[in-house]
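Start at 1 and go down the list; that is how both ligands and their atoms are numbered.
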Amino acid sequence: MVKPLIAGNWKMNTTIQEGAELVVKLRELIKGVDTVEVVIAPPFTSIHHLNFLIADSPMTLAAQDVFWEDRGAYTGEVSPWMLKDVGCRYVIIGHSERRQFFHETDETVNKKVFASLKAGIKPIVCIGETLEERERGETLERVSSQLRGALNGVGEGLLRDIVIAYEPVWAIGTGRTATPEQAEEVHNSLRQLLYELYGMEPVRDVRIIYGGSVKPDNIDSLMAQPNIDGALVGGASLKAEDFARIVKFRHV
Ligand code: PEP
């Protein structure tokens, strides 16, 4: 059994002060949790400060994006080495909001995955279909092609450092969650694809987590599915009590 991973994507929210208050509350609420890996992804501007506040807590840090070059004339970008330097262990790559608003493609996702792994940062790679794709019956085809694209050229030795986040676009920030059965169907087929690409052994430790309106009242049934290894949480990760309840999910 791999350790489940619950990650909070704060998106473009929180000042340093607000982030600090959230982390202080969370520290208390999830004290002693060691059966789940807890990751928070604050905005870049808060990471350095929060790195001190999460010491001796179950939390580790992720960034919400990264560029693929190490350094140079790339105004506005942040490299994997810089993330490492500031204390990040993970980075979210290819979130649907970045695909939608910032022209992220499977190719750029793939470059970011490689660059992050090279720097020792674990990518949380987001994939997911739109509502139109689901309605046309193209869900599995779409997520399979995104997964293939993201992992293009990634050898089996690096696979265990990658987390796959299945996030149906129609469920993100909409309050509309995939049913546990809908999510499980996709997770299962993603796992089968990983088996096809890499064989059983390297895939055993790969976590496939679900994202899309995860809340305290649906986390337990999602986590009861055999191929759901955690959650990527947006809105509910900004409320300490809600996120703590999600972290402390119960097996139903
Ligand atoms: C997300 O941003 O990755 C996400 C899943 O958001 P929400 O939980 O708000 O749907």
Closest to atom 1 (C) of ligand 1 among protein heavy atoms sits His95 NE2, 3.2 Å
Residue set satisfying ring pair (Phe, Tyr, Trp, His ring centres under 6.0 Å) with Phe52, at least two apart, ordered chain then number -> His48
For a 4.5 angstrom cut-off between non-hydrogen side-chain atoms, does Phe243 reach Leu26? yes
Could you tell me whether Lys112 and Asp65 have a side-chain N and a carboxylate O separated by less than 4.0 Å? yes
Under 4.0 Å from one or more heavy atoms of Ala171, ligand 1 contributes atoms 10 (O)
Candidates Gln64, Lys11, Glu167; heavy atom nearest atom 5 (C) of ligand 1 found on Glu167
At under 4.0 Å between heavy atoms, what of Ile172 touches ligand 1? The answer is both
Near Gly173 (heavy-atom distance under 4.0 Å), the atoms of ligand 1 are 7 (P), 9 (O), 10 (O)
Check: N/O to N/O below 3.5 Å, does that happen between Ser213 and ligand 1?
Finding: yes
Residue, atom and distance of the protein heavy atom nearest atom 9 (O) of ligand 1 read Gly235 N, 2.8 Å
* Between Asp161 and Arg207, does at least one N-O distance fall below 4.0 Å, as a salt bridge requires? -> no
The protein heavy atom nearest to atom 8 (O) of ligand 1 is Gly234 N, 2.8 Å
Between Glu28 and Lys25, does at least one N-O distance fall below 4.0 Å, as a salt bridge requires? no
Quick note on ligand 1: atoms under 4.0 Å from a heavy atom of Leu232 include exactly 3 (O), 5 (C)
So CD of Glu18 and OG1 of Thr15: to nearest 0.5 Å the spacing works out to 3.5 Å
Would you say Ala236 contacts ligand 1, with heavy atoms under 4.0 Å as the rule? no
Below 4.0 angstrom, N of the basic side chain to O of the carboxylate: do Asp205 and Lys3 qualify?
no
Steps toward side-chain hydrogen bond (donor to acceptor under 3.5 Å, both in side chains) verdict (Ser189, Gln192): CA-CA 5 Å; Ser189 88; Gln192 297 311 318; over 6 Å; no
So the atoms of ligand 1 within less than 4.0 Å of a heavy atom of Gly212 turn out to be 5 (C), 10 (O)
